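What you see is a predicted model; the values in this text were computed from it and never measured. A note on names: the letters A, B, ... follow the listed sequences, proteins ahead of strands, and every chain is numbered from 1.
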Number of protein chains: 2
Amino acid sequence: MPGIIEVAQLAGVSTATVSRALSGNGHVSAATRDRVQAAALELGYVVSSNASSLATGRTKNVGVVIPFLNRWFFSSVIEGAEQALLTHGYDLTLYNLSGGGDERRLVFEHFLLRKRVDAVIAISLELTPGEVGRLLAMNKPIVGVGGPLPGVRTLSIADVELGRLATEHLLSLGHRSIGHIGETEESETDFHVPTNRRAGYESALLAVGVPVDPELFRSGDFTIQGGYAAAKQLLGNPRKRPTAVFAASDEMAIGAILAARDLGLTVPGDVSIIGIDDHELAEFFGLSTIAQFPAAQGRLAVEILMDQLHPGHRDQSTVNTPLNYELVVRSSTARPATPRR
Amino acid sequence: MPGIIEVAQLAGVSTATVSRALSGNGHVSAATRDRVQAAALELGYVVSSNASSLATGRTKNVGVVIPFLNRWFFSSVIEGAEQALLTHGYDLTLYNLSGGGDERRLVFEHFLLRKRVDAVIAISLELTPGEVGRLLAMNKPIVGVGGPLPGVRTLSIADVELGRLATEHLLSLGHRSIGHIGETEESETDFHVPTNRRAGYESALLAVGVPVDPELFRSGDFTIQGGYAAAKQLLGNPRKRPTAVFAASDEMAIGAILAARDLGLTVPGDVSIIGIDDHELAEFFGLSTIAQFPAAQGRLAVEILMDQLHPGHRDQSTVNTPLNYELVVRSSTARPATPRR
DNA sequence: CTGAAAGCGCTTACAG
DNA sequence: CTGAAAGCGCTTACAG
């Protein structure tokens, strides 16, 4: 493998000049730059990132930590982040915590501290003060996605608001008996996503004077299977079947649609169903939902990081940036067949 | 951040000894080792991976290149690989090519050559001789997953055999009119997965004297939507509706199940359906399938890499390791209602 | 078992 | 605009 010395010899300059010509840092005459670039190309020279990192202190690599990889939402965020990083010439080193156990500690106390990454993006993880502190002490900027984090630039989704909006959509169609499928507090993820969405649901109900009926809440995990099982309970109840269901995620909502079908109910004829996410399958199922653009979240997280990593920070003032969301009405929601009012 | 010098001072030894004590390379007395470890712990010392890599030439990082991230199969492989790498103290740097365009060239001609990774795992990518050559010239071991690659250790799935097995299962139940949903050659991935599975389907048919009927083949992409659309065509045909369908992936098979339901057909009463993968939703849909254990594939790829990276290579002889697969019979396949024989 | 010192391959003030 | 040289923080023959 040719090193910088070979390039310098071939181009007839010093290694310092090669470094300057190739990196763009410092002035080099156009003629010299051309000669150096030609030499580098001819030899197939590629800078050693370790040597470069050691000398500059910057690695052009960012660590991304996520709780799960194998879920549409998370892999979409990663995909968005990866593309944006590549564009900036950065690598993405992935730390997936889904194995559970000691992984989180290992990642935060060992892997992330080896000076291999310039910065960290933490997705849907409520970092502890210790985790944040260690990283910040090493001068590693952090961007959190999913919720606010003291001392950290974050992107967060207004989960309470999303739950409220989804419920309001159902209310505005005339539904008054609205079930909710979420998750119980115990099995919750870091940012209390299900709890917040449920709070939004309840506040929307209360706002129009509809009492919250605990019997209309069912829990299940954030999967199609989980939504299916919960919806079967909810919609199979002969005494109190809601005319609409708000599921805390699209995957649960899809499970609910399948459960309704299996019960012989039509959607939205017998029951309206709405989710949150705008999952890749939402359109296929005609699912009304609140879109939350995970790939864009990943990209945005990278842009914010770049602002911190490179001079000329723009809006350093905004510590917590709210994320966009949008109600997407498809064919799974409609007026109730027998409006009760 | 404390460096090796501070640790050496605190422990009252040279930096050489600190290095040996902490890395385990070279002899150090037990007493000294304890003192060094205590000092490192007290200072919160973590070795700089860049400095270490520069000195040793090894990075403890492997690059994983994949064509898509946002698909169950691929994210499962990554998940398996990531866990195995973490166990060995390695990082995983992810290169996702799904953005298309120039990414592949960029990754192979720039990112992967910066000496940042010790090795690369290429998933479902038919590397070109140039891509393989450049990596091997830099002494980077490669493990390919998905198919054979000249000059590279690979793990591959016998796609023709899988197609044959799935079809044989249907034949053995008594089906003779068996449709197939795959992908057209044009839109194929690197290893001709759909073509091979289709070849297996055809050979199984021919082996029992059932002629291959081109009208019973429909193409669609490897998604639920794609399978749904293709199955609608196949099962909606009033003149020639097959009694069974073999879909080239579970996602397509699930789409086919939903299509059958929408046509008022029962599965497996009116039509049997089988897929390939053992997708996380397969059990939920009662889908019979050929399981192919992607997480295990990721783990195995890592083990093979470790063998190459560290002395004591075991089975260097086996260049191409065939992967396990297994027929899983659930409730989507049964004897045809009106056996034709 | 342990230390002094060279070397890994770059980058960047410091001069000129 | 360009070069000589120090330095980034480790590791590892080479001695002892």
Distance, rounded to the nearest Å, where A:Leu22 contributes CG and C:dC10 contributes P: 10 Å
Interatomic distance where CZ belongs to B:Arg35 and P belongs to C:dC1 [whole Å]: 14 Å
Contact summary for B:Gly151 and B:Leu136, nearest pair of heavy atoms: O-CD2, 3.9 Å
Nearest listed nucleotide, side chain of B:Ile4, among D:dA4, C:dT2, D:dT11: D:dT11
Atom-pair distance (CD on A:Gln9; P on C:dG9), nearest Å: 14 Å
Distance in angstrom units between B:Arg114 CZ and C:dG9 P, rounded: 17 Å
Any B:Thr32 side-chain N or O less than 4.0 Å from OP1/OP2 of C:dT2: yes
Candidate nucleotides D:dC1, C:dG9, D:dT2, ranked by approach to the side chain of A:Ala51 - the nearest: C:dG9
A:Leu54 side chain, from C-beta outward: closest of C:dT12, D:dA13, D:dC8: D:dC8
Residue met sooner reading DNA chain C from 5', once B:Lys115 and A:Arg58 are mapped to nucleotides: B:Lys115
Side-chain heavy-atom pair A:Glu303, A:Asp307 within 4.5 angstrom cut-off: no
Between C1' of D:dT12 and CZ of B:Arg20, the distance in whole Å: 8 Å
Reference residue A:Phe74; test side chain to side chain contact (heavy atoms under 4.5 Å, CB included); the match among A:Ser98, A:Pro294, A:Ser124: A:Ser124
For atom CG of B:Leu113 and atom C1' of C:dG9, their distance in whole Å: 16 Å
Flag for B:Thr17-B:Ser14: side-chain donor and acceptor within less than 3.5 Å: yes
Atom-to-atom span, NZ of A:Lys60 to P of C:dC10 - whole angstrom: 16 Å
Atom P, compared across D:dC10 and D:dC14: separation rounded to whole Å: 24 Å
Under-4.0 Å side-chain N/O to phosphate OP1/OP2 contact, A:Ser48 with C:dC10: no
B:His27 NE2 to D:dA13 C1', straight-line distance once rounded to whole Å: 15 Å
Sugar-phosphate only, base, or nothing, as touched by B:Ser53 at under 4.0 Å among non-hydrogen atoms: nothing
Nearest heavy atoms of A:Val62 and A:Leu85, plus distance in Å: CG1-CD2, 3.6 Å
Nearest-nucleotide comparison on DNA chain D, the residue closer to the 5′ end among B:Asn50 and B:Thr17: B:Asn50
Sugar-phosphate, base or nothing in reach of B:Val13, heavy atoms under 4.0 Å: sugar-phosphate
Side chain of A:Thr56 - closest among C:dT12, D:dT11, D:dG3: C:dT12
Nearest-nucleotide pick for B:Ala55, side chain only, options being D:dC1, C:dT2, D:dC10: D:dC10
Partner nucleotide of C:dA4 by Watson-Crick or wobble geometry (both distances under 3.5 Å): none
Side-chain N or O of B:Ser52 closer than 4.0 Å to phosphate OP1/OP2 of D:dT11: yes
B:Phe108 side chain reached by B:Thr128 side chain, heavy atoms, under 4.5 Å: no
Phosphate OP1/OP2 of C:dG3 contacted by B:Thr15 side-chain N/O (<4.0 Å): no
